[in-house]
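Quick notes on the structure that follows.
In what follows, chains carry the letters A, B, and so on, assigned in the order in which the sequence lines appear, proteins first and then strands, with residues in each chain numbered from 1.
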Amino acid sequence: MKIKRVRLLAGILVAWFFFLSPYVSYSDNSAIAQQFEQANLLYKENKYAQAIAAYETILQQGFESGNLCYNLGNSYFKQGALGKAILNYERAKLFIPQDSDVQSNSEYARSLLHISIQDAPGCLFKKWVDRLSSGITINHLTLVVALAQAAVFLLLILKMLRNTDTKFSNACIVILVVILASGGVALKRKIDYLHTGAIVVSKEIDSKFEPLESSTTYFTLSEGSKIDVIESSGAWCKIRRFDGKVGWVNLAGLEFILLR
Amino acid sequence: MKIRIFFSFLLFCFLSTALFAKDINFEASVENTLVSLDEPLELNLTFNGTQNIPAFDLPALDGFQARYVGPFTRMSIINGQVSSSVTHGYTLLPLKAGKFRIGPWKFDYKGDTYTSNALTIEVAQGQAQRSNPQELQGQSAIGDIRDRIFLVIQPGKKSVYLNEIIPLTVKLYVNKLGVRDIQYPIVNHEGFSVAEFGQPKQHQENLGGITYEVLEFETSFFGLKTGELKLGPAQLNCNLISKKQSQRGGFSNLDDFFNSGIFEDFLGAYQTQPVSLKSADITVAVLNLPEENKPQNFSGAIGDFDFEVSVSPSEVATGDPITIKSLIKGDGNFNTVAMPEIDVGEHFKVYEPQIKQEKYSKSFEQVLLPLDDKITEIPKLTFSFLNANTGKYQVITKGPFPIKVSKPKKEEELKIVELRSSGDIPIIKEERLGRDIVYIKPHLGKIHKRGEYLYKNRLFQSLQILPFACFIIFSLMRARKQKLKTDTKYARALSAPRKARIGIKKAKDALAKNYKKEFYDFIFQTLQEYLGDKFHLPSKSITVSITDDILKTKHIPDDVLRKLKDIFHECDMARYAASELGNEAMQPSLRKLEEIIDYFQKYKV
């Protein structure tokens with residue numbers, strides 16, 4: 001009976017591993033890798049425009065990687081397109097959030113544009129979870145939340161089975177619930193940022209009170225500024241700045257962080 | 001001491017006389033340009049810049065009879081500037097209604113001729129419909145108030161370069177109104193950077209023949225982006241003081257407190273009225289810096305500057321510090337002034353300069369370490385700026401500065417040098433690190449398909465319900481188990497059909513083997529246990545009497561009750577008179593039992 005249970009558990013774990021493997025550990029595609037190396041060669045030869053085209057080709061084939069976005073960001077940087085460079089560093093952070101090179105280049109590009117790093121809007125708790133989850137990818141955070149949820153219910157079942165109510169088990173449940181709640185909020189914010197986050201890639205764009213060219217300018221956004229897109233209407237979209245100010249800008253001047 | 005005071009007095013008199021002779025301005029003003037026929041009018045002839053001019057006889061005025069009232073003098077010192085004036089007051093009595101132009105007056109004194117401005121006065125028949133606050137009510141009073149207190153915004157220039165600092169003045173004009181609690185003006189300045197206002201100045205100004213007390217707020221601004229930008233409006237909040245009214249409200253009876261002057265503190269007999277004043281806005285053209293003749297090392301400095309450099313010491317050993325002090329003085333936007341450029345090549349080690357910025361100067365103190373003894377001079381320093389007045393770039397070059405560098409006393413590596421700046425703040429030599437982007441990644445790294453995220457996967461989403469579902473199922477099972485343990489009635493009722501099925505099976509086996517006695521024992525036992533469990537009674541106590549005692553109250557049909565009685569009867573016969581009961585009766589007995597149990601199960605009795 002015991003052997004049967006162990007086999008079942010092992011089977012579930014193997015199935016789980018195969019199911020998750022595409023999300024947490026990706027295989028290297030040799031054809032794509034070859035294209036990537038060719039793009040790197042172009043970069044090394046200071047042919048930045050061609051390197052950009054080569055990196056973009058890989059992206060257009062529907063593949064993404066942190067290193068790919070990072071190298072593309074560097075190419076744009078060398079071309080002087082700092083807004084696009086920051087955009088690609090932001091994309092790279094989605095996959096390799098703990099990479100110090102991405103952080104360093106992103107900060108350097110921002111410093112050249114005199115853009116200070118601003119916290120995303122939200123209460124103290126939200127800012128705390130943002131900071132806590134800044135080094136985790138969306139997939140890993142999803143796993144953490146799923147495991148925390150499963151662990152909470154498993155612990156509750158165990159409590160019922162053993163019919164015990166110890167301080168230790170209660171403390172474990174409280175800790176897991178805190179992890180679950182924080183992880184849930186962090187995951188929600190990361191997903192929101194993924195879908196609404198955008199970077200200004202033009203030198204300067206005016207944010208207006210209405211989605212009209214003739215409307216009064218409320219504030220001006222400089223290249224590399226990070227914004228949230230709230231809604232779109234034709235060629236215009238309603239955006240929110242880090243300080244909560246809301247206005248309408250022309251879509252042509254910005255690019256979404258999520259590749260579409 | 002007495003001698004010093006005497007000479008100071010003489011000097012003051014001399015300076016005063018010198019000042020008086022320099023700029024004398026002759027000005028005529030009246031307190032109101034619209035009067036009624038029976039109302040006297042006060043005419044003031046003021047000589048600004050002197051107190052020594054006597055009164056003169058006014059020539060005959062058309063429509064007025066004039067009477068000299070007397071002189072009064074005024075002297076003020078504002079920011080070290082001495083100003084003085086003498087005003088000769090006259091009372092004019094209107095003789096007829098109409099519009100009269102009086103003046104300009106000419107006055108000769110000590111060989112100089114002074115000419116005043118002309119005034120136009122309207123004399124109305126009866127009660128004048130003029131700006132007499134005693135007569136004004138409602139909207140007209142407010143309109144009048146706006147003529148007597150208003151705000152004006154005046155930039156130094158209306159066409160400026162990006163980052164060029166321009167003076168900005170906001171003037172509050174008040175004509176014989178009591179005003180207090182004046183707040184600093186707020187200027188709408190989108191696209192501009194406006195500095196804070198300094199201490200306001202107060203003076204008098206004549207506009208259209210009416211003398212205003214003027215409070216002048218000064219600051220400066222510069223454009224942050226190019227284009228035709230709106231500066232202003234300026235807004236200023238203050239309180240108007242009016243005499244408390246018993247019957248009439250608003251701004252009436254304002255003349256009652258005219259004589260009190262402005263900015264005067266009133267006592268309980270007066271009330272305050274908050275007023276928010278707004279000036280008109282002004283369009284300022286902010287221009288890009290000219291590209292023509294722009295020096296290569298131009299770093300954005302705009303203004304009119306002078307540049308001085310000093311180098312010390314001029315004789316040093318290799319590795320010893322040389323301090324270059326650059327001082328840029330003048331008028332302009334010092335935020336745009338960067339360290340003057342110096343090209344020292346690889347012969348010097350250069351440290352970050354210490355920068356000190358003041359209102360009209362900016363100094364840079366830079367330390368250089370000569371790295372070899374062949375150096376003979378410090379190269380020239382170049383500072384370029386755009387002169388906003390001329391619109392042309394200017395380049396000032398200083399140096400080169402000859403120096404003598406000797407060999408170090410000890411042949412050793414450069415030591416860490418501790419320098420002392422002018423403020424005695426120790427400076428520790430720091431390594432200057434370069435900055436650029438980190439190189440590209442050689443490998444593609446982990447790759448995945450675009451938009452493929454775990455949280456979007458349907459299977460993963462479905463699996464999230466699993467732990468919760470397990471928890472719910474387990475909780476229900478546990479609750480049922482708990483109930484079976486604690487609720488005997490429920491447990492017996494639940495087990496009754498299962499036990500009945502077993503009993504019927506046993507009876508069928510006995511029937512197959514034609515064991516009559518065992519068959520009826522099983523039938524009786526099954527019926528007893530089933531009814532006992534069903535109605536939560538001791539099984540052994542179940543007899544045929546149950547049909548009358550319990551089942552009749554449950555509204556069970558008669559044929560069911562009859563079948564029940566028959567079974568009990570047949571069982572009794574099998575036990576006590578088995579010979580009278582044939583084997584052929586067994587099958588119907590079993591059927592009756594099954595029908596009874598089916599009925600009880602079906603109708604949940």
Side chains of [X] and [Y], heavy atoms from C-beta outward: is any pair under 4.5 Å?
X	Y	result
Gln35(A)	Leu444(B)	no
Tyr108(A)	Asp436(B)	yes
Pro467(B)	Gln149(A)	yes
Phe63(A)	Lys449(B)	yes
Lys441(B)	Asp99(A)	yes
Leu466(B)	Phe153(A)	no
Tyr439(B)	Asn71(A)	no
Phe468(B)	Val152(A)	no

Counting heavy atoms not belonging to [X], are there more than 12 under 6.0 Å from its [atom1]?
X	atom1	value
Lys188(A)	NZ	no
Arg435(B)	CZ	yes
Gln461(B)	CD	yes
Lys159(A)	NZ	yes
Glu196(B)	CD	no
Glu56(A)	CD	yes

Next item on the list: Please state whether the side chain, the backbone, both or neither of Ser106(A) comes within less than 4.5 Å of a heavy atom of chain B.
Entry: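 Neither the backbone nor the side chain of Ser106(A) comes within 4.5 Å of chain B.
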Check: Which answer fits Tyr218(A), side chain, backbone, both or neither, if we ask what part of it has an atom under 4.5 Å from a heavy atom of chain B?
Finding: backbone
Side-chain donor/acceptor of [X] to backbone N/O of [Y], under 3.5 Å:
X	Y	value
Ser65(A)	Gly445(B)	no
Arg450(B)	Leu59(A)	yes
Asp101(A)	Val438(B)	no

Hey, could you give me the [atom1]/[atom2] distance between [X] and [Y], rounded to the nearest 0.5 Å?
X	Y	atom1	atom2	value
Ile157(A)	Ser475(B)	CD1	OG	7.0 Å
Leu454(B)	Asn139(A)	CG	CG	5.5 Å
Ser75(A)	Ile440(B)	OG	CD1	7.0 Å
Thr142(A)	Lys456(B)	OG1	NZ	11.0 Å
Lys446(B)	Glu64(A)	NZ	CD	15.5 Å

Leading residue by heavy atom contact count with chain B [cutoff under 4.5 Å; candidates [options]]:
options	result
Leu154(A), Leu194(A), Val145(A)	Leu194(A)
Thr220(A), Ile138(A), Leu68(A)	Ile138(A)
Lys44(A), Glu204(A), Glu37(A), Gln61(A)	Lys44(A)

Next item on the list: Step through it carefully: locate the ring centre of Phe95(A), locate the ring centre of His448(B), and say whether they are under 6.0 Å apart.
Entry: yes
Checklist line | Segment of Arg478(B) engaging chain A (4.5 angstrom heavy-atom cut-off) | finding: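 For Arg478(B), the contact with chain A is made by the side chain alone.
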Next item on the list: Take Ile447(B) and Phe36(A), measure what side chain to side chain contact (heavy atoms under 4.5 Å, CB included) needs, and give me the verdict at the end.
Entry: CA-CA 11 Å; Ile447(B) 185 166; Phe36(A) 180 77; over 6 Å; no
Note to self: Looking at every non-hydrogen atom in both residues, tell me the closest pair between Gln464(B) and Ala146(A) and how far apart they are.
What the structure shows: OE1-CB, 3.2 Å
Checklist line | Heavy-atom pair count under 4.5 Å with chain A, highest-scoring of Cys470(B), Pro442(B), Gly191(B), Gly451(B) | finding: Pro442(B)
Margin query: Can you tell me how the ring of His195(A) sits relative to the ring of Tyr455(B), calling it parallel under 30°, perpendicular over 60° and tilted otherwise?
Written below: perpendicular
